[in-house]
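Here the structure comes first, spelled out in structure tokens, and everything after it is commentary.
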Number of protein chains: 2
Amino acid sequence: MAQAPLSRRDQNKLEKRGRIIAAARAFFAQKGFEATTIQDIADAAGVSVGTVFLYAKAKEDLLILVFHDEMTGVIDQAYRAALKHAGLVDQLCAFFDVEADYHERDLPLARALMRKLGYVDNAEQRDAVTELMSANYTRLAMLIEAAKTRGEVGAAAPLLPAARSIFACYYLHLGGFLSGYIDRDRFDRMVREHFELLLKGLGAG
Amino acid sequence: MAQAPLSRRDQNKLEKRGRIIAAARAFFAQKGFEATTIQDIADAAGVSVGTVFLYAKAKEDLLILVFHDEMTGVIDQAYRAALKHAGLVDQLCAFFDVEADYHERDLPLARALMRKLGYVDNAEQRDAVTELMSANYTRLAMLIEAAKTRGEVGAAAPLLPAARSIFACYYLHLGGFLSGYIDRDRFDRMVREHFELLLKGLGAG
DNA sequence: AGATAAAAATGAATACACTCATTTTTGTTG
DNA sequence: CAACAAAAATGAGTGTATTCATTTTTATCT
């Protein structure tokens with residue numbers, strides 16, 4: 001790892017960026033995303049309104065900035081939780097249980113993020129999202145791979161498509177949960193049901 | 001079907017609502033969602049700005065209103081297209097091909113909708129979305145049911161969860177397509193791959 | 001019909017995201 | 001260090017979604 005050469009200018013920028021993200025996080029959690037104004041964030045971070053827009057092209061971009069850091073940790077935590085279980089289905093449920101818990105801790109924020117993720121326009125943001133998705137897929141693929149060596153999953157099963165299938169089910173139901181179509185209990189049960197179905201396959205007699 | 005007793009008042013409201021939705025549809029298609037102002041729509045519909053907000057609590061709600069009508073037709077069309085094919089996987093691909101085509105016709109609009117669907121706050125809108133989802137699930141369940149009688153799908157497979165699994169894969173990849181992570185070709189291939197995987201099951205050797 | 005109440009419509013006023021011409025800070029060169 | 005150029009920061013200005021006190025329309029009485 002080459003240590004980045006941080007000029008005073010870049011150091012200041014990074015520090016400022018950190019203050020803005022921290023301020024955004026605090027206000028989003030306290031007042032909610034909608035009720036938080038850019039002015040709020042600017043004041044708390046000790047910068048002007050215009051400066052905030054130098055670091056985030058739109059208010060919603062702040063969501064991605066806030067979540068990117070946090071989510072990376074949550075995904076790791078989810079993977080560790082999964083490893084404590086034996087069967088693949090239990091592992092997957094444990095994995096997404098951690099992620100769902102995280103979202104449940106701050107529903108308004110999770111809802112705002114969910115919307116933002118519906119369509120990401122900015123290339124920079126897209127990279128950040130892709131990175132998080134990859135982090136999820138990688139962990140899921142590792143769980144499936146391990147299940148293969150245990151004989152739970154057939155050797156021919158394609159890792160990445162399987163991981164995406166699994167994530168797709170989780171994601172759809174997470175949306176249902178966040179929008180209030182279903183409660184957390186039903187969410188948990190439906191997700192498990194889908195994982196079992198995917199493992200068995202529709203074709204099975 | 002009991003004909004609704006339409007008082008003059010309700011008649012006017014319905015007509016006005018129709019004008020607003022038509023105006024919104026036209027402007028969204030022509031200028032795009034963002035660039036369309038409520039004033040545009042109000043002028044074209046021959047009402048005031050305030051009146052538009054009487055029929056849609058927020059600008060984004062107009063998206064749901066516009067799509068609800070259109071989508072109902074598209075889903076029917078998708079189902080009819082599916083019936084022209086023999087195997088379940090081909091049927092599913094044909095089904096979602098029609099829906100994806102519809103979205104592809106107006107990408108900016110589809111993207112705006114995708115975001116809106118990320119979290120639906122209003123109860124009325126939620127009902128509209130639920131109705132569309134049910135329409136999808138019902139058709140998919142019918143296809144699976146038919147596949148059961150052909151022996152393609154095991155008798156024990158739960159219809160609705162299977163339909164949701166199928167839709168979840170489609171929906172995740174549609175998001176990827178609309179956001180520009182993948183192109184249409186890749187979208188088609190990935191969706192098919194997922195359907196095959198779901199049919200076979202991960203457990204299969 | 002005229003009077004009255006309820007519903008619907010109005011558009012000026014408000015609040016806030018976002019822009020951009022100007023100013024300030026930082027880095028570089030002689 | 002002074003002078004200059006490039007980068008960053010600023011905040012008043014702009015446009016538009018949304019609100020709400022007021023006005024207009026519709027329905028229901030006597």
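Residue numbers start from 1 in every chain, and the chains themselves are labelled A, B, ... in the order their sequence lines are given, proteins ahead of strands.
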(message) Between P on D:dA27 and CG on B:Asp10, what's the gap in Å once rounded to a whole number?
(response) 8 Å
(message) Could you tell me how far apart A:Leu62 (CG) and C:dA17 (C1') are, to the nearest whole angstrom?
(response) 12 Å
(request) Determine the minimum heavy-atom distance between B:Ala45 and B:Arg19, stating which atoms define it. (result) O-NE, 2.8 Å
(request) Quickly work out the B:Gln11 CD to D:dA27 C1' distance and round it to whole Å. (result) 15 Å
(request) To the nearest Å, give me how far apart CG (B:Leu54) and P (C:dT10) are. (result) 9 Å
(message) In whole Å, I'd like the distance from the CZ atom of A:Arg17 to the C1' atom of D:dA9.
(response) 17 Å
(request) In whole angstrom, give the distance that lies between atom CZ of B:Arg19 and atom P of C:dA9. (result) 9 Å
(message) Which residues pass the side-chain contact (heavy atoms from CB on, under 4.5 Å) test with B:Met71, not counting sequence neighbours?
(response) B:Phe67, B:Val74, B:Ile75, B:Tyr102, B:His103, B:Leu132
(message) Measuring from atom SG of B:Cys169 to atom CG of A:Leu198, what distance do you get when rounded to the nearest 0.5 angstrom?
(response) 7.5 Å
(request) Using whole Å, report how far CD of B:Glu15 lies from P of C:dA9. (result) 11 Å
(message) For C:dA8 and B:Tyr55 - does any side-chain N or O of the residue sit under 4.0 Å from the phosphate oxygens OP1/OP2?
(response) no
(request) Assess the side chains of B:Thr130 and B:Asp127: does a donor N or O sit below 3.5 Å from an acceptor N or O? (result) no
(request) Step through the shown structure and confirm whether more than 12 heavy atoms of other residues, nucleotides or ligands are within 6.0 Å of NZ on B:Lys148. (result) yes
(message) Output one letter per nucleotide in nucleotides 12-25 of chain D: B when a protein non-hydrogen atom lies under 4.0 Å from the base, S when only the sugar-phosphate is that close, - when neither is.
(response) ----SSBB------
(message) Nearest 0.5 angstrom please: B:Phe96 CZ to B:Phe167 CZ, how far?
(response) 6.0 Å
(request) Using only side-chain N and O atoms of A:Ser48, determine if any of them is under 4.0 Å from OP1 or OP2 of D:dT10. (result) yes
